[in-house]
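These notes are about the structure you will find just below.
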Amino acid sequence: MIDLKNIPATKQDLDAYEVENIFHSWSYQPTQSPMRVVSSKGVRFVTEDGRERLDFSSCFVSHNIGHQDSRVVEAICEQAKALCAFAPNFSNKPRAVLAKILAEITPGDLSRSFISLGGTEANEAAVKICHQYTGRRKIIARYRSYHGGTATSMTLSAGDPRNWAQVLGGTEWVSVPQPYCYRCMFGQKYPECGLQCVKYVDEVIELEGGGEKMAGIIFEPVTGANGIIVPPPEYFPRLREVCDKWGVLMIADEVMSGFGRTGRWFAMDHWGVVPDIMTMAKGATCAYLPIGVTIARKHIGDRFKDQFFSHGATFAGHALCCAAAVRTIQIYQEDSLIENSEKMGKYLLDRAMELKDKHPCIGDVRGLGLFVGLELVKNRKTKEPIMPVAAKVLPGMNPKMEVAKKLAEMGMMAMAANPGNIIAMAPPLIIKKDEIDEGVAIMDKALEAADKYAEV
Ligand SMILES: Cc1ncc(COP(=O)(O)O)c(C=O)c1O
């Protein structure tokens, strides 16, 4: 056997391991190693070629507080010296403190958390809690959603090409349209539509067995990877009414939209609606360590004093991950990052609108906080997508990926490796005005790659 202390690690060796020994997420396996990152700081990262690059995606919308904040690194080191982890049936200080902080910052009486290791796990737990609490099986999910990569969460990610390989099924589910006003599936216009998308949910619940069979509805309050879809103001209040009518639980997946991304602590805060269960991950530790959180309202949590809570994991409430989350969440408050997200988000949206004026390939610009999407079209009038939105991820290049390639050549990363024709800009919440200008200028140039596909 190879000497494990002396693994060959030249650039060529590492490249070979990447190509031969790793399953890369959601992709055809590459024939060349992806760029290797050697360091990062604030809104920038450095690749092995020595080039400094601008992070306009916060690494899949997770590094909200920016890269390598020494305060979090120190908190992790301190906790590691004391206690990395212990069995979840024992308490540890960071877990208890984190649970209290989460109860404080989340809406309404959301108060009892199950702490896991990522967004997918958080959603799995949410669906299980929903089933156990209601005693019902069916869950409504929305097309153009992403809730994670495991059997249940992938099943609920209807209309995301990544669920093509999902053959196991999972929960019993029904899909409904999004409040996607740019491409309304009912062919209506807001506000004359009277929110047909909510009326539809009401009817689906009734036809699927009403309060006897329907357990919950899961949604991203502001849909992320599938299009930065921001619902109209009445959507969530009206959906709350429908859910209350049937006793259906609302599960808000705030994995991407949470922790200041939209200019509030949580996107649901924009509508003043309290979901029954909320899930979080990415921004909770900003990826310094993995975490997932499923938080439930008081009466739901209390139910499990009498009813067995049928869920768990060895690493649940991992002390090191919880310590990282506690310190990270304090930093949002300490550095007024939620406020900065709101302020800089408005600026970014304005600048993105200017891009629309210049580039025929942009059909729509939408966003909330530092979460702004550009939807690429072939024809602005007909809204024909710049490439067909295939159910299955197709190999090879497409106009959006050409833009992403140009961005990389110019030293910037935005969020383009998602389904559909949307390029999202979601920089860390510490971003400053001049850094936004820098990113928008790069985007301006890169979009020329897609303009050539647009009909003018
Ligand atoms: C809205 C949403 N939910 C769930 C997930 C899954 O989270 P994770 O990748 O941490 O498992 C993601 C990941 O991007 C997401 O965007």
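Whatever order the structure lists ligands and atoms in, that order sets their numbers, starting from 1.
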(request) Report, in ascending order of atom number, the atoms of ligand 1 lying under 4.0 Å from any heavy atom of Asn123. (result) 3 (N), 4 (C)

(request) Quick one: look up the protein heavy atom nearest atom 7 (O) of ligand 1 and list residue, atom name and how far away it is. (result) Gly119 CA, 3.3 Å

(request) Determine whether more than 12 heavy atoms belonging to other residues, nucleotides or ligands lie under 6.0 Å from atom NZ of Lys356. (result) yes

(request) Check each heavy atom of Lys282 against ligand 1 and say whether those closer than 4.0 Å belong to the side chain, the backbone, both or neither. (result) side chain

(request) Please step through side-chain hydrogen bond (donor to acceptor under 3.5 Å, both in side chains) for the pair Lys128 and His311, ending with a clear verdict. (result) CA-CA 8 Å; Lys128 283 182 71 178; His311 189 61; 3.0 Å; yes

(request) Check the pair Thr150 / Ser153 against side-chain hydrogen bond (donor to acceptor under 3.5 Å, both in side chains), numbers first and verdict last. (result) CA-CA 6 Å; Thr150 54; Ser153 54; 3.0 Å; yes

(request) Tell me which protein heavy atom sits closest to atom 2 (C) of ligand 1, plus the residue, atom name and distance to 0.1 Å. (result) Tyr146 O, 3.3 Å

(message) Show me which atoms of ligand 1 lie under 4.0 Å from any heavy atom of Met256.
(response) 14 (O), 16 (O)

(request) Compute the ring centroids of Phe266 and Phe259, then answer whether they are less than 6.0 Å apart. (result) yes

(message) What I want to know is whether Asp253 and ligand 1 share at least one N or O pair that is separated by under 3.5 angstrom.
(response) yes

(request) Determine whether more than 12 heavy atoms belonging to other residues, nucleotides or ligands lie under 6.0 Å from atom CD of Gln29. (result) yes

(request) Is it possible for you to check whether Arg303 lies under 6.0 Å from the centre of the six-membered ring of Tyr133, through NZ or CZ, and within 45° of that ring's axis? (result) yes

(message) Please determine whether any non-hydrogen atom of Phe60 lies less than 4.0 Å from an atom of ligand 1.
(response) no

(message) Applying a heavy-atom cut-off of 4.0 Å, say which part of Thr279 lies close to ligand 1: side chain, backbone, both or neither.
(response) neither

(message) Show me which atoms of ligand 1 lie under 4.0 Å from any heavy atom of Glu220.
(response) 1 (C)

(request) Could you tell me whether Thr120 approaches ligand 1 through its side chain, its backbone, both or neither, with non-hydrogen atoms closer than 4.0 Å? (result) both

(request) Of the side chain and backbone of His147, name the one, both, or neither that has a heavy atom under 4.0 Å from an atom of ligand 1. (result) backbone

(message) When you measure from the side chain of Glu220 to the backbone of Met256, do you find a donor-acceptor pair of N or O atoms at a distance under 3.5 Å?
(response) no

(request) Start with the C-alpha distance between Ser58 and Arg261, add both sets of side-chain angles, then the distance that settles side-chain hydrogen bond (donor to acceptor under 3.5 Å, both in side chains), and finish with yes or no. (result) CA-CA 10 Å; Ser58 306; Arg261 177 51 55 193; 3.1 Å; yes

(message) If the cut-off is 4.0 Å to any non-hydrogen atom of Val255, which atoms of ligand 1 fall inside it?
(response) 2 (C), 3 (N), 4 (C), 5 (C), 7 (O), 12 (C), 15 (C)

